[in-house]
Amino acid sequence: MNIRVDVVLPCLNEAQALPWILERMPAGYRAIVVDNGSTDGSADLARILGAHVVYESRRGFGAAAHAGLLAATAPIVAFCDADASMDPRDLPLVVGPISADEADLVLGRRRPTTRNAWPPHARLANTYLSWRLRRITGVNIHDLGPMRAARRDHLLALDLHDRRSGYPLEMFLDAAAANWRIREVDTGYAPRVGRSKVTGTVRGTLTAIRDMSALLRTDRLGRSEARS
């Protein structure tokens, strides 16, 4: 099969969701499952189901996501959560503007498919973050969506450093600073399968807010120094 897009799936104990995720991967899209210390057999299951499996021992969403990026070989790399909250069949909507050279970074703007898909605390945090990002960058963003796509060589050139929850934010901020064409497209968002580890819990949301706030402070400081 001609691989046009590599799809990075950071994974920590997602054995319940992986069959649903992997069977819905579009033709020409290769799943790269990055096992981040699973104890439920996720890696073995993913391999049996045909995914390319990468191991990242350093815990953290950013560590897993970046390991997947480094393992990718396709010209376009997409990112998607491995918890079945996002449908891989939506990936062509995100990848399409990249393939057509109409955008450099495309973010999937989450549209809940059920009332309980997006916990209120997580949605409120995302709304506030998006508002801050619009003010800081001037990019008309409404959701720092986990489903996203860009060209592999462009992403590598960003030289991203965050290895925790701030990885998606650092990617967006650096892309905006580089004057990338950034777009949003609507994608579905459903309740995740299994126990949430980040924004599905109040503790996880607070951790993500802390990581992202530190990154925003650093970014604002860097911009101020550059202007002086």
Side-chain angles (χ1 to χ4, degrees), residues 1-11 21-22 24-34 36 50-54 56 60-82 86-110 130 133-134 136-188 212 215 219 222-223:
M1 181 174 62
N2 181 30
I3 304 299
R4 298 183 295 107
V5 180
D6 276 328
V7 183
V8 177
L9 297 159
C11 174
I21 287 284
L22 296 177
R24 300 167 90 84
M25 202 63 59
Y29 288 57
R30 178 178 67 156
I32 298 179
V33 173
V34 185
N36 202 206
H52 177 62
V53 177
V54 174
E56 174 53 60
F61 177 85
H66 200 71
L69 173 60
L70 294 178
T73 57
I76 296 175
V77 177
F79 297 83
C80 181
D81 284 352
M86 301 167 193
D87 192 337
R89 294 183 302 184
D90 285 338
L91 283 166
L93 299 174
V94 180
V95 169
I98 304 295
S99 298
D101 195 25
E102 297 171 351
D104 301 306
L105 174 65
V106 178
L107 308 176
R109 183 178 181 181
R110 288 169 286 185
S130 299
L133 293 178
R134 288 196 297 272
I136 292 170
T137 67
V139 178
N140 190 28
I141 182 179
H142 300 86
D143 181 16
L144 194 67
M147 183 179 282
R148 52 184 57 201
R151 293 202 171 273
R152 175 179 172 273
D153 56 346
H154 292 179
L155 287 170
L156 290 172
L158 291 180
D159 191 26
L160 302 174
H161 294 285
D162 192 279
R163 296 296 181 264
R164 290 167 54 90
S165 304
Y167 187 84
L169 175 59
E170 183 184 14
M171 183 187 297
F172 171 81
L173 289 172
D174 286 5
N179 295 315
W180 284 21
R181 297 166 297 171
I182 302 175
R183 283 183 52 180
E184 283 185 327
V185 297
D186 289 349
T187 55
M212 293 183 181
L215 195 59
D219 181 76
R223 289 170 187 264

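We number each residue from 1, following the sequence as shown.
Of all heavy-atom pairs spanning A63 and E56, the tightest one is O-CG, 3.6 Å. Between V33 and A51, the shortest heavy-atom contact is CG2-CB, 3.7 Å. Summarising the geometry of I76 relative to A149, their closest heavy-atom pair is CG2-CB, 4.5 Å, with the distance given to 0.1 Å. Shortest non-hydrogen contact noted between V8 and A65 is CG1-O, 3.8 Å. Scanning both residues, L22 and A31, for their nearest heavy atoms gives CD2-CB, 3.5 Å.
Classified by interplanar angle (parallel below 30°, tilted 30° to 60°, perpendicular above 60°), the ring pair Y167/H66 is perpendicular.
Rounding to the nearest 0.5 Å gives a distance of 5.5 Å between CG of L160 and CE of M171. Note: T137 OG1 to W180 CH2 = 14.0 Å, rounded to the nearest 0.5 Å. The structure places CZ of R24 at 11.0 Å from SG of C80, a figure rounded to the nearest 0.5 Å. The distance from the CZ atom of R148 to the CG atom of L107 is 5.0 Å, given to the nearest 0.5 Å. One distance of note links CG of L105 with NE2 of H154; it measures 11.5 Å at 0.5 Å rounding.
The list of salt bridge (charged side-chain N to carboxylate O under 4.0 Å, His left out) pairs with a residue in residues 68-80, not counting sequence neighbours, is empty. Within the structure, the salt bridge (charged side-chain N to carboxylate O under 4.0 Å, His left out) test picks out the following pairs touching residues 136-147 (sequence neighbours left out): R110-D143.
Contact check for L169 versus L133: side-chain heavy atoms found under the 4.5 Å cut-off. D162 places none of its side-chain heavy atoms less than 4.5 Å from the side chain of F61. Using a 4.5 Å heavy-atom threshold, the side chains of I141 and I182 count as separate. By the 4.5 Å heavy-atom criterion applied to side chains, L9 and M25 are counted as neighbours. By the 4.5 Å heavy-atom criterion applied to side chains, D104 and R151 are not counted as neighbours. At a threshold of 4.5 Å between non-hydrogen side-chain atoms, the residues F79 and M147 do not count as touching. Two residues are said to be in side-chain contact when any heavy atoms from C-beta on lie closer than 4.5 Å; I3 and T73 fail this criterion.
Applying the side-chain hydrogen bond (donor to acceptor under 3.5 Å, both in side chains) rule to N140 yields no partners; only residues at least two apart in sequence or on another chain are considered. Scanning for ring pair (Phe, Tyr, Trp, His ring centres under 6.0 Å) contacts around H142 gives an empty result, with sequence neighbours left out. A72 pairs by the side-chain contact (heavy atoms from CB on, under 4.5 Å) definition with D6, I32, V77, R152, not counting sequence neighbours.
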Which atom pairs, donor and acceptor, lie under 3.5 Å between side-chain atoms of residues 88-103 and protein residues at least two apart or in another chain?
{"from": "R89", "atom 1": "NE", "to": "D87", "atom 2": "OD2", "distance (Å)": "3.2"}
{"from": "R89", "atom 1": "NH2", "to": "D87", "atom 2": "OD2", "distance (Å)": "3.2"}
{"from": "D90", "atom 1": "OD2", "to": "G188", "atom 2": "N", "distance (Å)": "3.2"}
{"from": "D101", "atom 1": "OD1", "to": "R181", "atom 2": "NH2", "distance (Å)": "2.8"}
{"from": "E102", "atom 1": "OE1", "to": "R183", "atom 2": "NH1", "distance (Å)": "3.4"}

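Remark: the backbone N or O of G28 is not paired with any side-chain donor or acceptor of N2 at under 3.5 angstrom.
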